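I have placed the structure first, in the form of structure tokens, so that the comments after it can refer back to it.
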Amino acid sequence: MIEKIQALKAEISKLAASTPEEAEQLRIKYLSKKGAVSALFNDFRSVAADQKRQVGVLLNELKTLATEKIASLKESMAAGADDALASIDITRTAVPKPFGTRHPLSLVKNEINSIFSRVGFTVAEGPEIEDDWHVFSSLNFPPDHPARDMQDTFFISREPSDVLLRTHTSSVQTRVMEKTQPPIRIICPGRVFRNEAVSARAHCFFHQVEGLYIDKNVSFADLKQVLLYFAREMFGPDTRIRLRPSYFPFTEPSAEMDISCHICGGKGCALCKGTGWVEILGCGMVDPNVLEACGIDPNEYSGYAFGMGVERIANLKYRVNDLRLFSENDLRFLHQFDAAH
Ligand code: PHE
């Protein structure tokens, strides 16, 4: 018994701990009810009567030693934590984290959204992975019609559901028309995909904002007025517009819209290739076939639609001449738009 006590004393006086958790483990190991020191106390009963006095004293010494040792370990741990805190200057300014900036396409998209929201349009969104019906068939592209070639499409699967990546956000317009009766006044911003070779002027994905207004008695004059308002808000109050006849399966009549060149004011320069005009969007009156396909009565309602590329507007606004810059994540490019807003 006496040897056991001496051995434990030697063991305890050498204890060390490097974390508060370790110190607590030691307390449990030696001083808890089932700990090593308590176990010796339990054995006290079997000590011979003539040794009881000596062993009793030793046991008490052992318990005091263990209690003090572990308390001091815990204390030094707490002091250590204080020391660590004292050596940190918590008043020092943090290392500055460089702020990101908004992407130029987000800036332009937000501006388009806000221009149209001021005249009552709300934003609608839809899936990028679409089916044939929402991207083509509902929009008056008959199967195998050559108009489908205007939009080179990434097909994900042909059977059974004709899954594809949307080539325009007109698919969102279809989805809204299917669910809602007029009046409908929405813009559909989003990413679209076309199977084009990547170059300075084309990319396999880009962004659009398309607009749709359907109500009773909506006319081409309404379309023209809202587009003039948009052009002036976006490119300045002196901007003029012109509409050239064009073709889209889902609009009739259809037009392309040009704005007077905002660089030369219409006199002719390199940007407008000497013409004084630059093309910015496609538009037209929604074809009655489209309304019908989406469950809207074409005898009661009419509407207009338009669609523009966000990259195209950004190129014109910021004079970016290579589309690839928008998706290369080069900070030297992106940081140039800090000051723009
Ligand atoms: N959806 C057409 C495109 O992506 C753009 C458009 C929209 C044209 C609405 C006319 C009306 O090419």
Side-chain angles (χ1 to χ4, degrees), residues 105 109 112-113 116 121 123-128 130-142 145-154 164-177 184-196 201-214 218-228 230-231 241-259 279-291 293-294 296 298 301-313 315 323:
L105 294 180
K109 182 193 73 181
I112 299 171
N113 286 356
F116 283 106
F121 286 78
V123 171
E125 287 181 321
E128 292 179 352
E130 266 292 3
D131 51 42
D132 177 278
W133 169 256
H134 290 98
V135 174
F136 293 124
S137 297
S138 64
L139 290 162
N140 201 32
F141 289 82
H145 192 281
R148 291 186 182 225
D149 291 348
M150 291 162 71
Q151 304 187 354
D152 249 328
T153 310
F154 288 113
L164 47 87
L165 296 180
R166 68 181 179 193
T167 53
H168 53 183
T169 59
S170 305
S171 53
V172 182
Q173 307 187 342
T174 304
R175 285 181 178 277
V176 171
M177 284 189 279
I184 294 171
R185 189 160 20 197
I186 51 164
I187 48 171
C188 311
R191 186 163 48 171
V192 301
F193 305 83
R194 293 192 192 177
N195 189 4
E196 309 249 4
R201 298 173 54 84
H203 213 298
C204 55
F205 63 83
F206 60 99
H207 299 77
Q208 285 189 327
V209 178
E210 296 213 347
L212 175 73
Y213 177 38
I214 300 176
V218 178
S219 75
F220 205 92
D222 297 317
L223 170 63
K224 213 173 154 183
Q225 187 58 37
V226 85
L227 292 179
L228 177 64
F230 166 71
I241 63 169
R242 78 174 180 188
L243 294 168
R244 284 177 291 107
S246 183
Y247 169 75
F248 300 101
F250 34 86
T251 45
E252 182 61 37
S254 306
E256 307 268 357
M257 183 174 99
D258 300 338
I259 55 166
E279 183 187 320
I280 65 162
L281 56 79
C283 60
M285 301 306 291
V286 180
D287 193 295
N289 284 351
V290 174
L291 295 177
C294 298
I296 293 172
Y301 295 107
S302 56
Y304 63 69
F306 56 84
M308 67 188 92
V310 178
E311 279 83 348
R312 172 93 185 126
I313 307 280
N315 285 351
L323 264 182

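Just so it is clear, the model here is predicted, and its values are computed rather than measured. As the structure lists them, so they are numbered: ligands from 1, and atoms in each ligand from 1.
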Knowing that exactly one of F220, Y213, F116 qualifies, which makes a ring pair (Phe, Tyr, Trp, His ring centres under 6.0 Å) with F306? F116
Ignoring hydrogens and angles, write down the donor-acceptor pairs under 3.5 Å from the side chains of residues 245-253, residues two or more places apart or on other chains.
from: S246; atom 1: OG; to: E256; atom 2: OE2; distance (Å): 3.1
from: T251; atom 1: OG1; to: S254; atom 2: OG; distance (Å): 2.7

Expected rows: ligand 1 N/O, protein N/O, dist below 3.5 Å:
from: ligand 1; atom 1: 1 (N); to: H168; atom 2: ND1; distance (Å): 2.9
from: ligand 1; atom 1: 1 (N); to: S170; atom 2: OG; distance (Å): 3.1
from: ligand 1; atom 1: 1 (N); to: E210; atom 2: OE2; distance (Å): 2.7
from: ligand 1; atom 1: 4 (O); to: R194; atom 2: NH2; distance (Å): 2.9
from: ligand 1; atom 1: 4 (O); to: Q208; atom 2: NE2; distance (Å): 2.8

Name the residue from V286, L227, V226 that meets the side-chain contact (heavy atoms from CB on, under 4.5 Å) definition with Y304. V226
Is the backbone N or O of D258 less than 3.5 Å from a side-chain atom of R242, with the two atoms forming a donor-acceptor pair by type? no
Before you tell me yes or no, could you show the steps for E279 and R312 under salt bridge (charged side-chain N to carboxylate O under 4.0 Å, His left out), namely the whole-Å CA-CA distance, both residues' side-chain angles and the distance that decides it to 0.1 Å? CA-CA 9 Å; E279 183 187 320; R312 172 93 185 126; over 6 Å; no
For the aromatic rings, using the six-membered ring if either is Trp, is the centroid distance between F230 and F121 under 6.0 Å? no
